[in-house]
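Since the structure comes first, as structure tokens, the remarks are kept for the end.
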2 protein chains.
Amino acid sequence: MNTAPNEQLSLLLVDDDATFCDVLRRALEKRNFSVTVAHSVEQALPLVQPNPPEYAVVDLKMGGASGLALVQLLHEMDPATRIVVLTGYASIATAVEAIKLGATQYLSKPANADEIVAAFGHLADPDLSLNAQPASVERLEWEHINRILQENGGNISATARALNMHRRTLQRKLAKRPSGG
Amino acid sequence: MNTAPNEQLSLLLVDDDATFCDVLRRALEKRNFSVTVAHSVEQALPLVQPNPPEYAVVDLKMGGASGLALVQLLHEMDPATRIVVLTGYASIATAVEAIKLGATQYLSKPANADEIVAAFGHLADPDLSLNAQPASVERLEWEHINRILQENGGNISATARALNMHRRTLQRKLAKRPSGG
DNA sequence: TCGCTCTGCGACAATATGCCGCATCCCTGT
DNA sequence: ACAGGGATGCGGCATATTGTCGCAGAGCGA
């Protein structure tokens, strides 16, 4: 942390959606963050090597390396970095992985800048209220598929075999967004 | 099985569903765990105060205090304890909290003993985890539907609403597999 | 009895799936 | 450099499953 109270906070934003990055960057800059943007893990690496950022917003599903690898790297470089993982394909399996690798919070799109900023300050809360609504079968299926996919290191063909499901069908299911519930 | 059965591994199982506990306890005992059962956080406390267990399986949604509090306590008492959170009301939010509070893994019901043991990570029996084939999505769906049906006292319409599924579809699914599993 | 919900089931349209093939890539051993 | 093997993404098409409607009967409390 810098001593100057009005110093901007360095923030790394990594998402392969250019439009999304533009919008979010502007919103974050208004909130006193000095934003650096990258569209892939590979592109982000040289930007963080010299001096790791204080904050980071990382998308998981990008071309090239998974955002999870970047989360791990950022956390190793500076454990004090507050990392928010933001993904349109949220699943419990990847959420668990992200947190274990050092992420501070895990949000699913759509999320606005305020939610993201709030997530930076989020602390573990053992009194979190529980959702009394059971998961829909659709959601359950999504979670299960993602867990097996995780176990198979992201290998779609292997996952399809493990689940006794046609690869084409798995592809189509993965292409769809997870539905709430 | 083939590994030398040295001393048993202490395991705390906390779930308010007595039947579920019975079944799971037996399954875990077969896998060389010394299982202690509690049906609430309050009931579990005196059991872990003298000597914390090496492993724990904790349900989140129970009468009384949230399982998250117990996760935190167990982790504080002994950071080496491997804690698996197992819940029928899985959500990303609680998954994130659970991991941050010290849980090793987060699973949603239905999950069998093999999956739970695998979730503890490494150790266990490598042979068991290797041939442990993940449940097919169909079987998962069937068990989930039946669990919710149970909770709704067999009311098909209510279950369909809870699962966000059309009543007609639920009827057809239920008619297809008269003998569940 | 009226009004409400649950239930089973037929029918038809909208989707989803299984299964084919094909064109890339990315390894790895030759 | 090359072939072989596997993984991936995707179009297309026949078939299976769902979503959605409607209807009639049963149970239940006011």
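So that the names make sense, note that chain A is the first sequence line, chain B the second, and so on, each numbered from 1.
In this structure, Lys176(A) atom NZ and dA16(C) atom C1' are separated by 7 Å, rounded to whole Å. Distance Asn164(B) CG to dT18(D) P: 15 Å, rounded to the nearest Å. Distance CG (Leu170(A)) to C1' (dG18(C)): 13 Å, rounded to an integer number of Å. For the pair Met165(A) CE and dG18(C) C1', the interatomic distance rounds to 12 Å; values are reported in whole Å. One atom, CG of Leu174(B), and another, C1' of dC9(C), lie 14 Å apart when rounded to the nearest Å. Atom-to-atom, CD of Glu138(A) to P of dT18(D) comes out at 12 Å; the value is rounded to the nearest Å. Regarding Glu141(A), its CD atom lies at a distance of 15 Å from the P atom of dT17(D), rounded to whole Å. Taking atom CG of residue Leu149(A) and atom C1' of nucleotide dT8(D), one finds them 13 Å apart after rounding to whole Å.
Which of dT8(D), dG11(D), dG19(D) sits closest to the side chain of Ser157(A) comes down to dT8(D). Set against dC19(C), dG8(C), dT18(D), the side chain of Arg172(B) has dT18(D) as its closest nucleotide. Side-chain proximity of Ile156(B) to the nucleotides dA7(D), dG12(D), dG8(C) is greatest for dG8(C). Among dG12(D), dG19(D), dT8(D), the nucleotide with an atom closest to any side-chain atom of Asn155(A) is dT8(D).
Note on Gly154(A): only backbone sugar-phosphate atoms sit closer than 4.0 angstrom, heavy atoms only; bases stay farther off.
One finds a side-chain N or O of Arg161(A) lying less than 4.0 angstrom from the OP1 or OP2 phosphate oxygen of dA7(D). At the phosphate of dT17(D), neither OP1 nor OP2 sits under 4.0 Å from any side-chain N or O atom of Lys173(B). An OP1 or OP2 oxygen of dA16(C) is reached within less than 4.0 angstrom by no side-chain nitrogen or oxygen of Thr169(A).
If you check distances only, the side chain of Arg167(B) never reaches the base of dG19(D) with a donor-acceptor pair under 3.5 Å. Below the 3.5 angstrom threshold, one finds a donor paired with an acceptor across the side chain of Arg168(A) and the base of dG11(D).
Between the CG atom in Leu170(B) and the CE atom in Met165(B) there is a gap of 5.0 Å [rounded to 0.5 Å]. Here the CD atom belonging to Glu143(A) is positioned 5.5 Å from the OG atom belonging to Ser91(A), to the nearest 0.5 angstrom.
In summary, the side chains of Thr94(B) and Tyr106(B) do present a donor paired with an acceptor at a separation below 3.5 Å, with no hydrogens or angles considered.
Note on ring orientation: taking the six-membered ring where Trp is involved, the planes of Tyr55(B) and Phe33(B) are perpendicular (angle over 60°, cut-offs 30° and 60°).
Connection of Trp142(B) to Leu149(B) is established within a shared hydrophobic cluster, with ILVMFWY side chains joined at heavy-atom distances below 4.5 Å, either directly or through further cluster members.
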